[in-house]
K.L.:
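Below you'll find the structure I mean.
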There are 2 protein chains.
Amino acid sequence: MSLPLIQKLEQFTRLSSEDKEVLRQMSMEGVRHLDAREDIIREGDRPQSLNLILSGWACRYKHLEDGRRQIISFFLPGDMCDNHVFILRQMDHSVGTLTPVTIAQIPRRRIEEIAGQHPRISQALWWETLVNAAIQREWTVNLGQRDALERIAHLLCELFVRLRGVGLTEGNSCEMPLTQAGLADATGLSVVHVNRTLQELRAAKLIVLRGKSLTIPDLTALQNAALFNPNYLHLDREGRHLDANE
Amino acid sequence: MSLPLIQKLEQFTRLSSEDKEVLRQMSMEGVRHLDAREDIIREGDRPQSLNLILSGWACRYKHLEDGRRQIISFFLPGDMCDNHVFILRQMDHSVGTLTPVTIAQIPRRRIEEIAGQHPRISQALWWETLVNAAIQREWTVNLGQRDALERIAHLLCELFVRLRGVGLTEGNSCEMPLTQAGLADATGLSVVHVNRTLQELRAAKLIVLRGKSLTIPDLTALQNAALFNPNYLHLDREGRHLDANE
DNA sequence: CGCGCGCTTGAAGAGGCTCAAGAAAGGTGG
DNA sequence: CCACCTTTCTTGAGCCTCTTCAAGCGCGCG
């Protein structure tokens, strides 16, 4: 079993064993453990290193002055927070944990060095960055056009497919540590309405959600209900022309 | 009067006259003119070059299967579509013009060459990319948390401030070629409601919108109404430590 | 055992949508 | 320069989705 990051990047291109070893080494630097509901970075901070999620869930979020809160994106194991942000003076949002989290804090220099020496890794990290941008765009569509049921279904599809990509699903089930309040903050809905919409999804046999576990009996059906098209996740080994041949 | 792109990048760092000359040369390559409502890139395309908007407005957009349409972001003069997308196999959205547009189509190689030879430009393009990501995140907040009036006000603030950054405002006025249908597609509201909300903004003396011209009599007031905080645009010459000293 | 957090339910109300139609503006060709 | 056509804007009315407020329940944990 390999690191989530490696599994994730191999959805783009096959890495050489040296590539993987470099990434494994990198993941062991500056390891930190955090509790749930802790901030990793706060709005206004000037980050000097990059955080790689080794385990647990985190999110970007932003508060409006009057307290409304929006979750802007989720970080799952294998995700990196903020490639290249050091160019900006200060964070315009915060990153916080949703569950207990283990991260590797990788100094800026270290990443630049690795990317410089390992072009295949560099390309794969680029792919990571571009996919994150694509996800953010899809969230724009999700919030702008989909109704409550589609919106929640879409989010669940995305999370499931992303978790599957890092080996964190079992059959058609995965962990779902988000509370209904978390889902509400991510989808721009009220907690009450999230609750009712989840019941609707359950009644339609599209999801089984109990405790912290999500099962999707028929992923295709859920995708149809959500108007979910996974192409924005660019998972078809799009960098296969770069594959290591060993 | 200089190119929008140069003005824009100089909000980040002061460029040398050589830097500027390089960018000016670049902007003269592969110039194309497009009418309003033409596609520059279509979902599914595999782009091999990068498009720099020289004049006019364009947007990213996406259709759902049932026809709903979301505008995902706006491209104004000086904006570049899709730095580095060539890593991805195919576009997951389209880019289309909103007005007649002039673009420079810059081959991938050319950009890489320029970025490689001119570190200050490279950093500035990075800044551009990161600001675009920040804008996309802010749109997530906008669609998720703000009500119709705040949402439209926020969008108008953003567009005004971005246009000011490329020298396309006159006092407190700017061009506003968007139709109400365009505003609706960008804000996830119905055309009817956009219309009524604009009337509300007019009645509150927050905007003067006539024909294709927008005037914001009191930007601070509009910002307050929108809960608009410009920090996400990272305009404070954050790269000033890189300034060319000539 | 009791407290707190998360989930659930009901009822009422608001914000935004749809449908429909007419008015104004803008562009085009004669 | 006018006549016509299309696009864009505007208005009214009714409805529906989602919100808010309020309260009760259940479960995990100290």
Side-chain angles (χ1 to χ4, degrees), chain A residues 35-37 57 64 66-71 97-100 142-155 175-204 207-214 225, chain B residues 35-38 57 64 66-71 96-100 142-156 175-204 207-214 225-226:
Chain A
D35 286 338
R37 294 161 193 270
W57 290 33
L64 297 188
D66 61 4
R68 279 174 279 178
R69 176 177 190 255
Q70 176 71 36
I71 291 181
T97 62
L98 295 161
T99 68
N142 206 25
L143 292 170
Q145 297 301 323
R146 286 187 254 258
D147 67 24
L149 191 129
E150 294 165 339
R151 214 181 284 181
I152 293 180
H154 191 279
L155 177 57
E175 219 186 326
M176 181 46 60
L178 287 180
T179 64
Q180 294 185 0
L183 282 171
D185 285 346
T187 53
L189 300 165
S190 68
V191 183
V192 172
H193 202 59
V194 166
N195 181 288
R196 294 189 166 121
T197 307
L198 287 175
Q199 292 180 46
E200 224 182 304
L201 285 165
R202 282 192 269 244
I207 62 169
V208 179
L209 185 57
R210 253 197 325 260
K212 306 239 162 292
S213 157
L214 168 68
Chain B
D35 286 339
R37 293 160 193 271
E38 271 194 79
W57 289 34
L64 297 187
D66 60 5
R68 281 175 276 177
R69 176 176 191 255
Q70 177 70 36
I71 290 182
T97 62
L98 295 162
T99 68
N142 206 25
L143 293 170
Q145 298 300 323
R146 285 186 255 259
D147 68 24
L149 190 128
E150 295 166 339
R151 214 181 285 181
I152 293 179
H154 192 279
L155 177 57
L156 295 179
E175 218 186 325
M176 180 47 58
L178 287 180
T179 64
Q180 294 184 1
L183 282 171
D185 285 345
T187 53
L189 300 165
S190 69
V191 183
V192 172
H193 202 60
V194 166
N195 181 286
R196 294 189 164 120
T197 306
L198 286 174
Q199 292 179 48
E200 226 182 303
L201 284 165
R202 281 191 269 245
I207 62 169
V208 179
L209 185 57
R210 254 198 324 260
K212 305 239 162 294
S213 156
L214 167 68

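Chain A is the first sequence line, chain B the second, and so forth, proteins listed ahead of strands; every chain is numbered from 1.
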K.L.:
The side chain of B:L189 lies closest to which of these nucleotides: D:dT8, C:dC17, D:dC18?
P.N.:
C:dC17
K.L.:
Would you classify B:R37 as touching base, sugar-phosphate or nothing, given that sugar-phosphate means primed atoms plus P, OP1 and OP2, and contacts are heavy atoms under 4.0 Å?
P.N.:
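Sugar-phosphate only.
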K.L.:
Atom CG of B:L209 and atom P of C:dA25: how far apart are they, to the nearest Å?
P.N.:
14 Å
K.L.:
Can you find a side chain N or O atom of B:R146 that sits less than 4.0 Å from OP1 or OP2 on C:dG16?
P.N.:
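For B:R146, the contact criterion (side-chain N or O under 4.0 Å from OP1 or OP2 of C:dG16) is not met.
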K.L.:
Rounded off to whole Å, could you give me the CG-to-P distance for the A:L183 and D:dC18 pair?
P.N.:
15 Å
K.L.:
For DNA chain D, whose closest nucleotide is more 5', that of B:V192 or that of A:H193?
P.N.:
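Its nearest nucleotide lies further toward 5', so the answer is B:V192.
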K.L.:
Just to be sure I understand the rule, does B:R202 reach a base, reach only the sugar-phosphate, or reach nothing, if contact means heavy atoms closer than 4.0 Å?
P.N.:
sugar-phosphate
K.L.:
Would you mind reading off the distance between B:L201 atom CG and D:dT10 atom P, rounded to a whole angstrom?
P.N.:
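It is 13 Å, rounded to the nearest whole Å.
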K.L.:
B:L178 has an atom CG; how far is it from atom P of D:dC9, in whole Å?
P.N.:
10 Å
K.L.:
Given that A:R196 and A:K212 both sit by DNA chain C, which one's nearest nucleotide is further toward the 5' end?
P.N.:
A:K212
K.L.:
For D:dC9 and B:Q199 - does any side-chain N or O of the residue sit under 4.0 Å from the phosphate oxygens OP1/OP2?
P.N.:
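No, B:Q199 has no side-chain N/O under 4.0 Å of OP1/OP2 on D:dC9.
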K.L.:
Expressed as a whole number of angstroms, how long is the span from B:D147:CG to D:dT19:C1'?
P.N.:
12 Å
K.L.:
Check every strand shown and say whether A:S190 touches a base, only sugar-phosphate, or nothing at a heavy-atom separation below 4.0 Å.
P.N.:
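Since a base atom lies under 4.0 Å of A:S190, the category is base.
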K.L.:
Rounded to whole angstrom units, what separation is found between the CD atom of B:E200 and the C1' atom of C:dG15?
P.N.:
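From B:E200 CD to C:dG15 C1': 11 Å.
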K.L.:
Run the numbers on A:Q145 and B:R68 for side chain to side chain contact (heavy atoms under 4.5 Å, CB included), then give the verdict.
P.N.:
CA-CA 7 Å; A:Q145 297 301 323; B:R68 281 175 276 177; 3.6 Å; yes
K.L.:
Could you tell me whether A:G188 contacts a base, only the sugar-phosphate backbone, or nothing, with contacts defined as non-hydrogen atoms closer than 4.0 Å?
P.N.:
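The residue A:G188 makes sugar-phosphate contact but no base contact.
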K.L.:
Return the value, rounded to whole Å, for the distance between atom CG of B:D185 and atom P of D:dT8.
P.N.:
11 Å
K.L.:
Apply the side chain to side chain contact (heavy atoms under 4.5 Å, CB included) test between A:L183 and each candidate in A:I71, A:V191, A:V194; give the one that qualifies.
P.N.:
A:V194
K.L.:
Take the protein atom CE of B:M176 and the nucleotide atom C1' of D:dT8, then report the distance between them rounded to whole Å.
P.N.:
16 Å
K.L.:
Output yes when at least one side-chain N/O atom of A:N195 is less than 4.0 Å from OP1 or OP2 of C:dC7, else no.
P.N.:
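No, A:N195 has no side-chain N/O under 4.0 Å of OP1/OP2 on C:dC7.
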K.L.:
Check the phosphate of D:dC9 against B:R210, side-chain N and O only, distance under 4.0 Å to OP1 or OP2. Yes or no?
P.N.:
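False: B:R210 side-chain N/O out of range (4.0 Å or more) of D:dC9 OP1/OP2.
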K.L.:
Is there a donor-acceptor contact under 3.5 Å from the side chain of A:T197 to the main chain of A:A148?
P.N.:
no
K.L.:
For the pair B:S213 (side chain) and B:E175 (backbone), establish whether a donor and an acceptor sit closer than 3.5 Å, ignoring hydrogens and angles.
P.N.:
no
K.L.:
Do A:T99 side-chain atoms and A:W57 backbone N/O form a donor-acceptor pair below 3.5 Å?
P.N.:
yes
K.L.:
Remember a base hit wins even if backbone is also touched, and classify B:L198 as base, sugar-phosphate or nothing at under 4.0 Å, heavy atoms.
P.N.:
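No contact.
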